[in-house]
2 protein chains.
Amino acid sequence: MNPNVFDDSRITAVGLLFEVHAGLSARFAAQMEEHGLSPVEFEVLTRLTRSPDNQLRMTDLAAQTSLSTSGVTRVVDRMERDGLIVRRACASDRRSSFAVVTPAGLRRLDECLPGHLQLIEDWFTGQLDPPALNALLDGLRQVRDAVHPCATAGSGDPATGPENAKSTDC
Amino acid sequence: MNPNVFDDSRITAVGLLFEVHAGLSARFAAQMEEHGLSPVEFEVLTRLTRSPDNQLRMTDLAAQTSLSTSGVTRVVDRMERDGLIVRRACASDRRSSFAVVTPAGLRRLDECLPGHLQLIEDWFTGQLDPPALNALLDGLRQVRDAVHPCATAGSGDPATGPENAKSTDC
DNA sequence: AAGCAACTATACCCTCGACAATATTCCACG
DNA sequence: CGTGGAATATTGTCGAGGGTATAGTTGCTT
């Protein structure tokens with residue numbers, strides 16, 4: 001073919017983004033594992049804890065975690081076996097069932113969270129002075145609003161997910 | 001526990017980054033699949049094509065793709081079965097074997113690449129005006145240099161990987 | 001020159017997640 | 001009121017990928 005197509009600035013740009021993601025992911029995963037949580041399990045725990053009554057329907061959980069419904073079933077199976085969450089039947093709709101965080105699940109998350117925040121600060125937000133960080137976040141936000149499937153685009157901050165609405169919000 | 005710990009700016013920051021990554025990944029994967037390539041396969045193909053003589057030792061390939069050696073074996077198996085690459089014995093070191101891109105592999109990559117670049121531009125680099133993009137990339141670079149396991153930190157651009165050195169460069 | 005240490009690649013087993021199919025429940029429409 | 005279609009959750013099956021153990025090869029040390 002030709003002399004490096006791969007020097008294209010677009011390639012290096014995504015390479016950069018993906019490397020940062022990979023690096024952070026690896027460190028996060030290691031820290032979570034110290035607390036007996038996989039990244040998905042951590043994600044599930046945070047999503048549930050963000051939600052009213054620490055619970056969410058299986059489908060909504062799937063929507064918020066970019067996990068398939070069967071994937072959610074499997075994860076919830078594991079976490080229920082480990083006592084971090086339990087299933088609860090939905091009174092109004094007998095097809096649905098809730099996944100609700102147990103006290104043990106909350107405790108586990110509390111154990112994990114401080115270290116997680118520290119990690120973020122150490123390897124991400126703390127690496128830049130405030131103006132540079134803001135510039136970075138502004139750029140990310142703009143790209144996010146464009147690329148994300150269910151970008152609400154108007155809101156300023158939600159970042160990790162629209163909100164904890166009770167039903168399908170995507 | 002307490003009123004949202006999750007409004008913490010650090011959480012929203014990583015949420016932003018991860019959402020962007022997820023969004024881009026999904027679109028890239030879809031486009032690659034149109035050409036019969038999985039993301040890993042695309043990655044392997046680009047890494048090999050970046051390298052002299054379109055080949056790389058299995059181990060080096062593993063190092064450059066953050067894939068385990070067994071994972072590389074699997075991927076190479078599949079891609080060899082599909083005719084995209086072939087294994088070639090290494091003359092100088094009879095322990096090693098090379099994975100080398102076939103003409104069909106090159107063709108496949110050529111088919112896939114333009115669309116890929118277009119996607120990057122549409123959903124990432126084209127979403128920001130040049131100053132904002134540069135600010136974003138500068139920030140990412142800085143974080144990358146800190147967080148990436150084998151950050152050379154001195155070089156300006158390599159982004160996606162040190163270089164195509166022949167031996168272990170990590 | 002020979003044995004030992006280091007390195008490379010693969011085989012086997014495990015976990016994880018997606019897709020397709022299934023059973024149950026809800027809703028809309030005739 | 002009943003029937004067909006949509007939605008919800010679960011299960012079976014499959015592929016992907018990592019970890020460990022194993023076998024083969026090379027290089028170093030003595």
Side-chain angles (χ1 to χ4, degrees), chain A residues 22 25-26 29-30 32-33 36-45 47-48 55-82 84-100 166-170, chain B residues 22 25-26 28-30 32-33 36-45 47-48 55-82 84-100 149 166-170:
Chain A
S25 290
M32 290 167 192
E33 181 152 14
L37 291 175
S38 75
V40 241
E41 289 166 351
F42 180 83
E43 172 88 359
V44 165
L45 229 38
R47 295 292 182 177
L48 291 179
Q55 66 182 9
L56 222 44
R57 298 191 323 161
M58 300 291 279
T59 305
D60 298 335
L61 188 53
Q64 289 192 18
T65 50
S66 72
L67 218 64
S68 76
T69 60
S70 69
V72 167
T73 296
R74 300 274 147 82
V75 179
V76 170
D77 282 346
R78 286 194 300 269
M79 295 177 74
E80 191 168 26
R81 178 172 48 71
D82 294 348
L84 301 177
I85 61 185
V86 290
R87 274 175 237 251
R88 201 175 62 75
C90 175
S92 60
D93 186 343
R94 290 162 71 181
R95 293 172 301 181
S96 304
S97 61
F98 284 101
V100 44
K166 60 193 172 310
S167 57
T168 69
D169 47 14
C170 225
Chain B
S25 290
F28 292 166
M32 290 168 191
E33 180 151 15
L37 290 174
S38 74
V40 240
E41 289 166 352
F42 180 84
E43 171 90 357
V44 166
L45 228 39
R47 295 291 181 177
L48 291 179
Q55 64 181 11
L56 222 45
R57 298 189 325 163
M58 299 290 278
T59 303
D60 297 335
L61 189 53
Q64 289 191 18
T65 51
S66 72
L67 218 62
S68 74
T69 59
S70 63
V72 167
T73 297
R74 293 291 185 125
V75 178
V76 170
D77 282 346
R78 261 177 288 147
M79 296 178 74
E80 190 168 27
R81 178 172 49 73
D82 295 347
L84 300 177
I85 62 184
V86 290
R87 276 173 231 254
R88 201 176 63 76
C90 176
S92 61
D93 188 341
R94 290 161 71 180
R95 294 174 298 183
S96 307
S97 64
F98 283 101
V100 45
K166 58 193 174 310
S167 57
T168 69
D169 45 13
C170 221

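Reminder, nothing fancy here: chain letters follow the sequence lines and each chain counts from 1. Quick caveat, the model's predicted, so the values are computed rather than measured.
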Atom pair distance, as rounded to whole Å: CD in A/Glu33 and C1' in C/dT15: 12 Å
Spatial distance of atom CD (B/Glu41) from atom CZ (B/Arg78) [nearest 0.5 Å]: 5.5 Å
5' precedence on DNA chain C between A/Arg94 and A/Val40 (nearest-nucleotide basis): A/Val40
Whole-Å gap separating P (D/dT10) and CZ (A/Phe98): 13 Å
Gap separating the CG atom of A/Leu84 from the CG atom of A/Leu48, nearest 0.5 angstrom: 10.5 Å
Between C/dT8 (C1') and B/Leu61 (CG): distance, integer Å: 14 Å
N/O donor-acceptor pair, side chain B/Arg74 with base D/dG19, under 3.5 angstrom: no
N or O in side chain of A/Arg78 less than 4.0 angstrom from C/dC16 OP1/OP2: yes
Separation between CZ of A/Phe98 and CG of A/Asp93, rounded to the nearest 0.5 Å: 9.0 Å
Side-chain donor/acceptor of A/Arg95 to base of D/dA7, under 3.5 Å: yes
Interatomic distance where CG belongs to A/Asp93 and C1' belongs to D/dA6 [whole Å]: 12 Å
Side-chain donor/acceptor of B/Ser96 to base of C/dC7, under 3.5 Å: no
Side chain of A/Thr69 (C-beta onward), nearest among C/dT10, D/dT10, D/dG18: D/dT10
Separation of atom CE in A/Met79 from atom P in C/dT15, rounded to whole Å: 18 Å
side-chain N/O A/Thr73 vs D/dT10 OP1/OP2, d < 4.0 Å: yes
Nucleotide D/dG17, atom C1' - distance to CG of B/Leu67 in whole Å: 7 Å
OP1 or OP2 of D/dT8 under 4.0 Å from side-chain N/O of A/Arg57: yes
Length of the line joining A/Met58:CE and C/dT25:C1', which is rounded to integer Å: 16 Å
Given DNA chain C, 5'-ward residue of the pair A/Gly71 and A/Ser92, judged by closest heavy atom: A/Gly71
Rounded distance [0.5 Å steps], CE in A/Met58 versus OG1 in A/Thr73: 4.0 Å
Donor-acceptor side-chain pairing of B/Ser96 and B/Arg57 below 3.5 angstrom: yes
Sugar-phosphate, base or nothing in reach of A/Val72, heavy atoms under 4.0 Å: nothing
Touch class at under 4.0 angstrom, heavy-atom based, for B/Ser97 against every strand present: sugar-phosphate
Euclidean distance, atom CD of residue A/Glu41 to atom C1' of C/dT15 [Å, nearest integer]: 11 Å
